[in-house]
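Here the structure is laid out as structure tokens; the discussion comes afterwards.
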Amino acid sequence: MASLGQDKIVAVIGAGTMGAGVAQVAAAAGHPVLLFDVAEGAALKGIQGIAVGLDKLVVKGKMPAQERDALVARLTPASTLSELAPAALVIEAIVEKLEVKQSLFKQLEAIVAQDTIIASNTSSLSITAIGSALQHPERLVGMHFFNPAPIMKLVEVISGLATDKAIAHTVLDTANAWGKQAVHARSTPGFIVNRVARPFYAEGLRVLQEGGADVATIDALMRESGGFRMGPFELMDLIGHDVNYAVTCSVHAAYYYDPRFTPSLIQKELVDAGFLGRKTGRGFYDYSANAHKLEPQTAPTLTPSFESVTLIGDAPFAPTLVDLLTKAGISIEREASEDGAELILLAGDAIMSLTDGRTATQIAEEEGERDIVLFDLALDYAKATRIGIAAADQATPQALQDATAFWQALGKQVSILNDIAGLCVMRTVCMLANEGADAVNQQVCNAQAVDIAMQGGVNYPKGPLAWAQSLGVGRVVNVLDQLATGYGEDRYRTSPLLLRHALSGRALV
Ligand code: NAI
């Protein structure tokens, strides 16, 4: 099925943040666009707002003036709903209330043609439920853009129970023709992005709640080690805690209180206090003019007490570490591991390995080695500028100092965490991959869609499933198993799909 022809009229209902953005996207793709809003003058104001935004692009030399003029000329304000009659596709972006959307669509069906496609930009309502009010629910699809719509690449195309497959395809192709990356999902709570992203916030909040690290340190680790554009706390402050907490609560309730989505009391406190983030001047961070800036905890620089390190066994990132050690002028001894166990690094007194979901304290007890120091996952150990480490409770201060000096010698800033299972980046990435795999397992979407959605909708540096793949699915399953055992919580249960891929070795994506 082909995309909608450029000559077809697109109507957008609701000229707020999202509606105006979607109207701009459709007009930029060459469609004549009708914009309607129930508030008087809002549609015209929306178009004027688009023009002002485009003017800036012209001034910066990013858009020719002619292109701006042609785009704006394709936008027409409508003053009544009946003016939308000639539209081939209507995209609704009004208030997020089921009854209001249903009532609008009932009116709309009496106006538009039989074959007009109706789309909703809802971010949380069920397309199936919205469709139940329509005479022809087969022509209703979700068309979930991300804010700001002209910039964010992703569009989630959502099918309700009654949605016609061919119509979903047309909308998918149309969004792609508009320069977006469209993915298809079944109408399920949170669709793809708002579901799979939950652990990004939740694991940060867990680490904070358990005193693993402070807000600024967790954010710094997720950025500088994990490669994410923003850490969970700065991102929640930007989104607004009222909004972010409400999404978590609604997904939690919609999945019949699955503990995987349990909201955080820490975030509830912020909402209760009215500390909603940037928009109120205070959230996890204080945004007032004279506020004390929170800095990540960074270990003071130490001089290594060792001249060589020993690498026992292997890991996918071992060559990177060898490279960094060579550049730092530290001599390396390599030993094969006797039992094919994980890569172990010996530097001075420190016995170091990548976190596997157990605490360092537990490993020290199980291995009968007190000087265990674990390090966190990095997206790329060559590019990471900070590494989180944690020592076993049994370890000597010298072991922690040696581990600190080791990473500093490799050019990293070091944040010393409390000994929390799975540290910070590792537990988050494993839980993101788990949620992504579970969405695939439950037939919400395919594996490629998960990775495209998380990169295009929330700018993740790597798709969670591709990340699991490169880490080794078996490793991810092991971390999750260790977290599940350590916490005794169903929250960390492994998705059956991850387990299958770990067992068969078949590629996830
Ligand atoms: P908004 O509050 O900025 O704009 C909503 C507009 O709809 C207002 O101009 C309002 O006057 C108009 N409106 C309300 N009821 C109407 C009706 N019955 N008929 C015509 N116009 C009506 O809201 P926003 O943020 O643009 O959200 C719109 C929709 O997009 C919601 O469903 C929301 O969940 C969804 N969404 C929002 C995102 C965001 O980041 N703001 C992201 C993705 C989806």
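First listed ligand is number 1; within each ligand, the first listed atom is number 1. Below, each value reflects all heavy atoms present in this structure, side chains not excepted, and no hydrogens, waters or symmetry copies. Predicted, not measured: the structure shown is a model, and the values here were computed from it.
Salt bridge annotation for Lys101-Glu92: present, with a cationic side-chain nitrogen under 4.0 angstrom from a carboxylate oxygen. A salt bridge links Arg491 with Glu203: at least one charged nitrogen is closer than 4.0 Å to a carboxylate oxygen.
Near His144, with a cut-off below 4.0 Å to any heavy atom, the atoms of ligand 1 are 43 (C), 44 (C). Distances below 4.0 Å separate heavy atoms of Val95 from the following atoms of ligand 1: 14 (C), 15 (N). Each of the following atoms of ligand 1 lies closer than 4.0 Å to a heavy atom of Asn147: 40 (O).
Here's the thing with Glu96: one of its N/O atoms is less than 3.5 angstrom from an N/O atom of ligand 1. The shortest N or O to N or O distance between Val38 and ligand 1 is below 3.5 Å. Note: an N/O pair closer than 3.5 Å links Met18 and ligand 1 by distance alone.
At a distance under 4.0 Å, no protein heavy atom can be found next to atom 2 (O) of ligand 1. By the definition of a contact as any protein heavy atom under 4.0 Å away, atom 19 (N) of ligand 1 is in contact.
The nearest non-hydrogen atom to atom 9 (O) of ligand 1, considering only Leu125, Asp37, Ile239, comes from Asp37. When the options Val22, Ile94, Leu35 are ranked by their closest heavy atom to atom 14 (C) of ligand 1, first place goes to Ile94.
The side-chain contact (heavy atoms from CB on, under 4.5 Å) test with His144 singles out one residue from Leu154, Val155, Asn194, and that residue is Asn194.
Contacts between Ile13 and ligand 1 below 4.0 angstrom, taking non-hydrogen atoms only, involve the side chain exclusively. Contact annotation: for Phe145 versus ligand 1, heavy atoms closer than 4.0 Å belong to the backbone alone. Residue contacts with ligand 1 for Ser123 involve both N, CA, C or O and side-chain atoms from C-beta outward (heavy atoms, distance under 4.0 Å).
Atom-to-atom distance recorded for Asp438:CG and Leu497:CG is 8.0 Å, nearest 0.5 angstrom.
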With a 3.5 Å cut-off and sequence neighbours excluded, list the donor-acceptor pairs that the side chains of residues 16-26 form with protein atoms.
none

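The two residues Glu109 and Ile118 have their closest heavy-atom pair at CG-CD1, 4.1 Å.
Aromatic ring orientation, His31 versus Trp178: perpendicular (interplanar angle above 60°, classes split at 30° and 60°). Between Tyr487 and Tyr492, the ring planes lie parallel to each other; the angle is under 30°, not in the 30° to 60° tilted range.
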